[in-house]
Amino acid sequence: MGLPRGHLRSFSTAAVRLHRPPSGSISHEVKDKKEWQLELEQQIARGQLALARQVFDRIPAPDARVYNALIRAYSWRGPFHAAIDLYRSMLYFRVPPNKYTFPFVLKACSALADLRAGRTIHAHAAAAGLHTDLFVSAALIDLYIRRARFGPAANVFAKMPTRDVVAWNAMLAGYANHGMYHHAIAHFLDMQDRGGLRPNASTLVSLLPLLAQHEALFQGTSVHAYCLRAYLDQNEEQVLIGTALLDMYAKCKHLVYACRVFHGMPIRNEVTWSALIGGFVLCDRMTEAFNLFKDMLVEGLCFLSATSVASALRVCASLADLRMGTQLHALLAKSGIHADLTAGNSLLSMYAKAGLMNEAMMLFDETAIKDTISYGALLSGYVQNGKAEEAFLVFKKMQACNVQPDIATMVSLIPACSHLAALQHGRCSHGSVIIRGLALETSICNSLIDMYAKCGRIDLSRQVFDKMPARDIVSWNTMIAGYGIHGLGKEATTLFLGMKNQGFAPDDVTFICLIAACSHSGLVTEGKHWFDTMTHKYGILPRMEHYICMVDLLARGGFLDEAYQFIQSMPLKADVRVWGALLGACRIHKNIDLGKQVSRMIQKLGPEGTGNFVLLSNIFSAAGRFDEAAEVRIIQKVKGFKKSPGCSWIEINGSLHAFVGGDQSHPCSPDIYHELDNILVDIKKLGYQADTNFVLQDLEEEEKQKALLYHSEKLAIAFGVLSLNEDKTIFVTKNIRVCGDCHTAIKYMTLVRNRTIIVRDANRFHHCKNGQCSCGDFW
DNA sequence: GTAGGGTTAG
């Protein structure tokens, strides 16, 4: 039998090293070959592979049968490389491998995912004419499929003269593991039609997760029916099949069926419990998920696993139940599974979502093994807690440690640029996803659309949107919301109509975006129309968020009484945010009486956050009623609410420069103040008058003007004027709303410095040019 | 067979 040339040279060193003289604790008596062989088989049966090896080395001129016995033992549970080494020495000593050698050595290659060795052995088997053997072929298919080499696997499969269930299953498992839904289904049907075979438990255990992933409830139900007909749910593989079925129903969000399967199972294990708990988590039924977890512990501690704790921790994170979360942390530590990567990452994520970034960071530093998800959990934690700069540091650290960011990492990182309104950072991230080949991923594009919109470049948002190969509902909603914050209500409406034309069904969020867009553009009638359309045509039940938008729309448009009546007629009990929207409009329209009434309502509800106190205080101040304004601020202080300081920032050449009111900490402060004084002189010539109504403190008139002049957004703009060429747009971001005086001043500034100035505040964009603002003073 | 980080709204 001819073996391919060249194998001797590459295999010789390993083979020589392996053939050491015998040593160790086996008997040294003289035995004949048959007796040694018997002892070898005994050692293998006992699982004593080291001793088996010593026996093997005593056997004079071992034949293929002897080699096969040990190779088979190695390929069972490892060490896998020993199986391959032994195969090599077999070739070295010119012992021809046979049809019992190849399946086992190939299995070892498969376990090591060593495609190179596998290909060589494939060639050897072909040379020996054994590559179409049932078992050799099955092992080859498994090897190729594991490394996603579908072509070679299909080739092997096609060349088989007869195929058994194992071969069909190997191919199916490959398609299923790589998420190739259509291939898998076609193969599954082919198996029954052309192959004339009936699916067995392994077939269905491969197929069901794929059906689950694609939420193919109908096919899943047929598989379930087949299991019942074939009594597959009654043999020893019952737990596997049952769990796979349960999980399929859970992933299809059909918890009733999932529970029914669960209760019908005579035997359950930790995977079964985890699958069911995970199903409840998926359907956002958190309390029930947690109760199941508790039931599981009552039924048996043996079910406790890293996976089930991970699900339970997600429940704690979602319910913000930190007390339960820390208890689980202790449970993990006690049960000794705390070192598990998955469980560790869930813990990290729970602390991060709860805003305990110090705890999250400590946990992160303590863990020796970190993967992409660990970094992702920390990174998104920082972004969600408004610490965008820290998020960038995590990203840098990740790259320094050679941990590859994936789609989810980038989807978490890009909003950090939106928070900072840092266009340069955003563009770098965009470049980064292009380099990584992720630029056309739907979720990535969605976050890019949002980022560009919030960084003032709605044109780039639209570019990303137009180039997307596949859009989902989030893509459309994000684009509509983007037009909304830019005050482009008409464009938002056009896009909404385009969305419907392309067959996308709007959801509840779509209407929030759309009505908000109308509100920001003063399109009161249109907004009302879309609210009616939503309820009557699409049957979407309005949520509190929709009512907030509607009150905002009506009240901001000057229909304060209608807004008030609208709140009265709501089927839901209006919360602080609804009244807050009305109060905000009272301030714009300087309606003190209603403002007072509304603020009384808010105080009854117990104000959450500080915004409402500030608004009420502003309303009194604007009316010159400083005593009452001060009183509100005293109540605010007594109740322990802190006003978040106004802060503005501007990005110059990729660096961020932040300012608070009256800030003198910037190195260029003298120049900035000088420029601002000059601007004041110039804009006064055009008729600007400081509107001291917006100064909250009861100061002398001159001091009030100064307090106004050095508002943070004015400082940032002055710095922009100094740092950027005239043709560049000055883009400033403010964490709270721009005050009325600044708004007026900015419009004058565009004239005296001939600039385009965009200010993004907590509410919307102010795109100012030639003395006009895009919001039409409607903000 | 189960599990951990992600995008839109006010």
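Naming: A, B, ... by sequence-line order, numbering from 1 per chain. The figures here come from the full heavy-atom set of this structure, side chains too, leaving out hydrogens, waters and symmetry mates.
- A/Leu413 comes within 4.0 angstrom of no nucleic acid atom, judged by non-hydrogen atoms across all strands.
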### Query
Between A/His329 and A/Leu363, does a side-chain contact (heavy atoms from CB on, under 4.5 Å) hold up when you go through it step by step?
CA-CA 11 Å; A/His329 191 166; A/Leu363 211 64; 3.9 Å; yes
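- In the 5' to 3' direction, nucleotides of DNA chain B lying under 4.0 Å from heavy atoms of chain A begin and end at B/dG1 to B/dG10.
- Within 4.0 Å (heavy atoms only), A/Lys454 reaches sugar-phosphate atoms of the nucleic acid but no base atom.
- Note on A/Val509: a base of the nucleic acid sits closer than 4.0 angstrom, heavy atoms only.
- The residue A/Thr442 sits apart from the nucleic acid: no heavy atom pair falls under 4.0 Å.
- At a threshold of 4.0 angstrom between heavy atoms, the contacts of A/Ala377 are confined to the sugar-phosphate backbone, with no base atom among them.
- Judged purely by distance below 3.5 Å, without hydrogens or angles, the side chains of A/Asp450 and A/Ser447 never pair a donor atom with an acceptor atom.
- Across all strands shown, A/Gln384 has heavy atoms under 4.0 Å from sugar-phosphate atoms exclusively, and none from any base.
- Among the heavy atoms of the strands, none lies under 4.0 Å from A/Asp472.
- Taking the ring pair (Phe, Tyr, Trp, His ring centres under 6.0 Å) definition, one finds that A/His430 meets it with A/Tyr452, sequence neighbours left out.
- Base contact: A/Arg543 has a heavy atom under 4.0 Å from a base atom.
- Looking at heavy-atom distances under 4.0 Å, A/Asn269 makes contact with a base.
- Applying the salt bridge (Lys or Arg N to Asp or Glu O under 4.0 Å) definition to pairs two or more places apart or across chains, those involving residues 259-281 of chain A are A/Arg268-A/Glu299.
- As judged by a 4.0 angstrom heavy-atom cut-off over every strand, A/Ser475 is placed among residues making no nucleic acid contact.
- In terms of heavy atoms, A/Leu495 sits closest to A/Trp476 at O-CZ3, 3.8 Å.
- Between A/Arg577 and A/Glu545, at least one side-chain N (NZ, or NE/NH1/NH2) sits under 4.0 Å from a carboxylate O, which counts as a salt bridge.
- Enclosure of atom NZ in A/Lys370 by more than 12 non-hydrogen atoms of other residues, nucleotides or ligands within 6.0 angstrom is indicated.
- Heavy atoms of A/Thr478 sit under 4.0 angstrom from primed sugar atoms or phosphate atoms, though from no base atom.
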